[in-house]
Number of protein chains: 2
Amino acid sequence: MTTKQARSKRATVHDVALEAGVSRGTVSRYVNGERYVSAAAREAIEAAIEKVGYVPNTAARNLVMQRTQAVGFIVHEPHSLFVEDPNIGEILLGANTRLSEADHQMAVLIVDTERDTDRVARYLSGGLVDGVIIVSARADDPVTRVVERLQLPAAYVGHPPGAAGSASFVVIDNVGAASSITRRLVETGRRRIGMIAAALDRDSGADRLTGFREALGDAFDESLVEPVPLYSYSAGRDGMRRLLERAPDLDGVFAASDAVAAGAIEAIKETGRSVPDDIGVVGFDDSAWALRTTPALSTVRQPAAGLGAEAARLVLARLRGDEPAAEVRLDCDIVWRGSA
Amino acid sequence: MTTKQARSKRATVHDVALEAGVSRGTVSRYVNGERYVSAAAREAIEAAIEKVGYVPNTAARNLVMQRTQAVGFIVHEPHSLFVEDPNIGEILLGANTRLSEADHQMAVLIVDTERDTDRVARYLSGGLVDGVIIVSARADDPVTRVVERLQLPAAYVGHPPGAAGSASFVVIDNVGAASSITRRLVETGRRRIGMIAAALDRDSGADRLTGFREALGDAFDESLVEPVPLYSYSAGRDGMRRLLERAPDLDGVFAASDAVAAGAIEAIKETGRSVPDDIGVVGFDDSAWALRTTPALSTVRQPAAGLGAEAARLVLARLRGDEPAAEVRLDCDIVWRGSA
DNA sequence: TGGCATTCTGTGTACGTTCACAGAAATTGG
DNA sequence: CCAATTTCTGTGAACGTACACAGAATGCCA
């Protein structure tokens, strides 16, 4: 009952005005730190606020101000992200830091089940946030549709889906990173290098293949590229089996993701070969897989905090109305472990 | 400028009413799915909504309804949680699932820097959420103070700080889990078992020692307990060094956390001993440390999703006004790996 | 046809702010 | 000491919704 009383009794600016013997306007001016409030009024108001325990109602303020100083951070596919991918935490922190500097509140919204989808869409369309950062967006998602329909200022981490034409986004330089790590592989003396190329229908997949090709230049051999549909362990294992059958003299392989690489290592060991002595393997993502394999994977680490920070910067820019829409491409680091 | 237009033009319930040739009240009734709206009105309204692109303004609704159907999920110390501790993701998902079932929106708020603290406190006090779930709360935190002052319905994951007397919270059964894993160690044949007891000033630390003592019963030897201040790697390493000097015949050790255990393993190896052949080591938390050590740690896994779900349940109960305040204690699993 | 319940609709007010505006009080200057 | 500023204050509107209430339309039955 104490709770109930406390909640219904929430003091308003009106109560403060009454207590202090001034008007609502004056209290409002004091609270917002404006000029033109006399010393006498100031003191009276301070005392009154303390006495009645006043805290401003942000919902009411948002309503009249038509902005919230908040941006949503939407996370799709949370299971794979939070459990498998250590990057999401750093992306969150990077974004939060940047938003915090601009005095904006970040609210992370998780889209897991079907129900979440509609609820989050309502939340966004309800004017509770000024803008939104989105990771792993899907084209057919109600959330994405709402964002487009309302033209909510948005920044995507990764490529925006489908026809989100004029959206800002930040991606890693897949081409450059794939090229770098392939060159590292060459530098270790590998001569017959193949690639398990996953998800070629996605930009990330296609770009990693492009980088691989660029790095090898004339030495590139089409027949050493094994396309697989998904970034998965089993796809990597099966693809590697086929590749080894076709090219038994392989001495290096670039897997399009760590999961794929883990599968590839499994397939290599099946044939009695050793990693890295017979075949050097490199992956991509520096996900949880990278430390689970034996030996640990050499792989590409995404600048996770940077992705978050840049996404935040982009959405803030759109909020201010500067810069119409932009895309940012970030470089990656390479972490060299035992697998190559 | 398109953006600007779209944002200022947001259609209201009034626009829909005008377009459909009915009144605000009727539109409101339709939107909220109430009875008493004629077929003719229904059709006209549906067409009008489609035409003007109306979406309800949640902020306005929240203001008049005096509730938001949203609960905040506050994460303190995000660096250590998101980077080191894989549990936080599952806690989030567990909570989200439960809240989603009750048709509540979860908004994760990260408290990292000093600035975040005040901003989040304002956010919470502004009536933007009905309740709140808090992990790693601190007593001196403005956020905690606001929650107490406003008597905001809250549920803590872990013990609530200081004088948060009447708060709900969910904790793991530290005593039981420590006791279980110690017994497992005994069952493997260890006879001289020590403990690196960290953070005895915290409930978690004290409880883990209690469990350890319980499990050993008469065999408990006070001199084999080495207290260290923090749950850290270096504390574990230093503590283990002292313990080994005092009791060179040790054949098992229970470290109060995985980080402590990792440090202990380091110290053991320094002396030329082997893990697990000479000394079996077990940890607590199943954090990222557990897979980094060689051999991998046997440890206690927290029921992370359960913690989140229970916290959500508790806060929902307080929201409804049922159950005044409750504490829940959850059992843990043990994962047995190579270190013991 | 009249009475009465039922279904439907419109209007006014409230939620707790901010802001524009008008006007009062205090201050300045010639 | 009066006019012209500057500082201060109160009032009324608006933000976009929900809800209570009154009243209109319809259906039903005697």
Side-chain angles (χ1 to χ4, degrees), chain A residues 7-45 48-49 52-70 122-130 150, chain B residues 7-46 48-49 52-70 122-123 125-130 150:
Chain A
R7 298 202 70 202
S8 59
K9 281 244 177 196
R10 292 253 313 205
T12 80
V13 74
H14 203 115
D15 300 325
V16 175
L18 229 60
E19 179 69 30
V22 296
S23 74
R24 301 185 336 264
T26 307
V27 176
S28 176
R29 274 184 288 270
Y30 168 80
V31 171
N32 295 11
E34 288 176 29
R35 327 161 36 188
Y36 300 151
V37 31
S38 66
R42 194 185 315 274
E43 279 174 35
I45 291 171
I49 285 181
V52 304
Y54 169 72
V55 289
N57 182 315
T58 314
R61 165 180 291 172
N62 289 348
L63 182 58
V64 60
M65 301 277 280
Q66 300 287 74
R67 65 168 180 195
T68 62
Q69 298 273 90
R122 279 206 312 272
Y123 191 91
L124 294 181
S125 56
L128 268 35
V129 295
D130 294 336
L150 299 181
Chain B
R7 297 200 71 204
S8 58
K9 281 240 176 199
R10 291 255 311 204
T12 80
V13 74
H14 203 115
D15 300 323
V16 175
L18 229 57
E19 179 69 29
V22 297
S23 73
R24 302 186 335 263
T26 307
V27 176
S28 176
R29 273 185 288 270
Y30 168 80
V31 171
N32 293 9
E34 288 176 26
R35 330 162 34 189
Y36 300 151
V37 30
S38 66
R42 192 185 316 273
E43 281 174 34
I45 292 172
E46 276 166 359
I49 286 181
V52 302
Y54 168 72
V55 289
N57 183 314
T58 315
R61 165 179 292 173
N62 289 349
L63 180 59
V64 59
M65 300 279 281
Q66 301 287 73
R67 65 171 179 193
T68 63
Q69 298 274 92
R122 278 207 312 272
Y123 191 91
S125 55
L128 267 34
V129 294
D130 294 336
L150 298 181

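Both backbone and side-chain heavy atoms feed into the values below; hydrogens, waters and symmetry mates do not. In what follows, chains are A, B, ... by sequence order, proteins preceding strands, each numbered from 1.
For the pair B:Glu34 CD and C:dT9 C1', the computed distance is 13 Å after rounding to whole Å. Spacing between atom CG of A:Asp15 and atom P of C:dG16 amounts to 8 Å, rounded to whole angstrom units. Atoms CZ (A:Arg67) and C1' (C:dC19) sit 13 Å apart, rounded to a whole Å. Straight-line distance from the CD atom of B:Glu43 to the P atom of C:dC8: 14 Å, rounded to whole Å. In this structure, the CG atom of A:Asn57 is 17 Å from the P atom of C:dA14, given to the nearest Å. Look at CG on B:Leu128: it is 13 Å from P on C:dT17, rounded to the nearest Å. Going from atom CZ of A:Arg42 over to atom P of D:dC8 covers 8 Å, rounded to whole Å. Taking atom OH on A:Tyr36 and atom C1' on D:dT5, their separation rounds to 11 Å, with Å as the unit.
Taking 4.5 Å as the limit, some side-chain heavy atom of B:Arg10 sits within range of a side-chain heavy atom of B:Val55. Contact of the B:Val37 side chain with the B:Val22 side chain is not registered, since no non-hydrogen atoms from C-beta on lie closer than 4.5 Å. Contact annotation: the side chain of B:Asn57 never approaches that of B:Thr12 to less than 4.5 Å [non-hydrogen atoms, C-beta and beyond]. In this structure the side chain of A:Val31 never reaches within 4.5 angstrom of the side chain of A:Val13, judged on heavy atoms.
Comparing D:dC15, D:dT9, C:dG16 by their nearest atom to the side chain of A:Gln66 picks out D:dC15. When the nucleotides C:dT17, C:dC19, C:dT9 are ranked by their closest atom to the side chain of A:Arg61, C:dT17 comes out on top. Taking every side-chain heavy atom of B:Ala60 into account, D:dG16 is the closest of C:dT17, C:dT7, D:dG16.
Note that CZ of B:Arg29 and CZ of B:Arg24 are 10.5 Å apart. Values are rounded to the nearest 0.5 Å.
B:Ala41 comes within contact range of the sugar-phosphate backbone alone, with a heavy-atom separation under 4.0 Å but no base atom that close. If you check every strand for non-hydrogen atoms under 4.0 Å, A:Asn32 touches sugar and phosphate atoms only. In this structure, B:Val16 reaches neither bases nor backbone, as no heavy-atom distance under 4.0 Å exists between it and the strands shown.
Although no hydrogens or angles enter the test, the distance criterion places no donor-acceptor pair under 3.5 Å between the side chain of A:Arg42 and the main chain of A:Tyr30.
Shown for residues 18-30 of chain B: residues whose heavy atoms fall under 4.0 angstrom of DNA chain D, namely B:Arg24, B:Ser28.
Considering all non-hydrogen atoms of both residues, A:Arg67 and A:Asp130 come closest at CA-OD1, 3.3 Å.
In terms of position on DNA chain D, the residue among A:Leu63 and A:Ser38 whose nearest nucleotide sits closer to the 5' end is A:Ser38. Of the two residues near DNA chain C, B:Met65 and B:Val37, the one whose nearest nucleotide lies more 5' is B:Val37.
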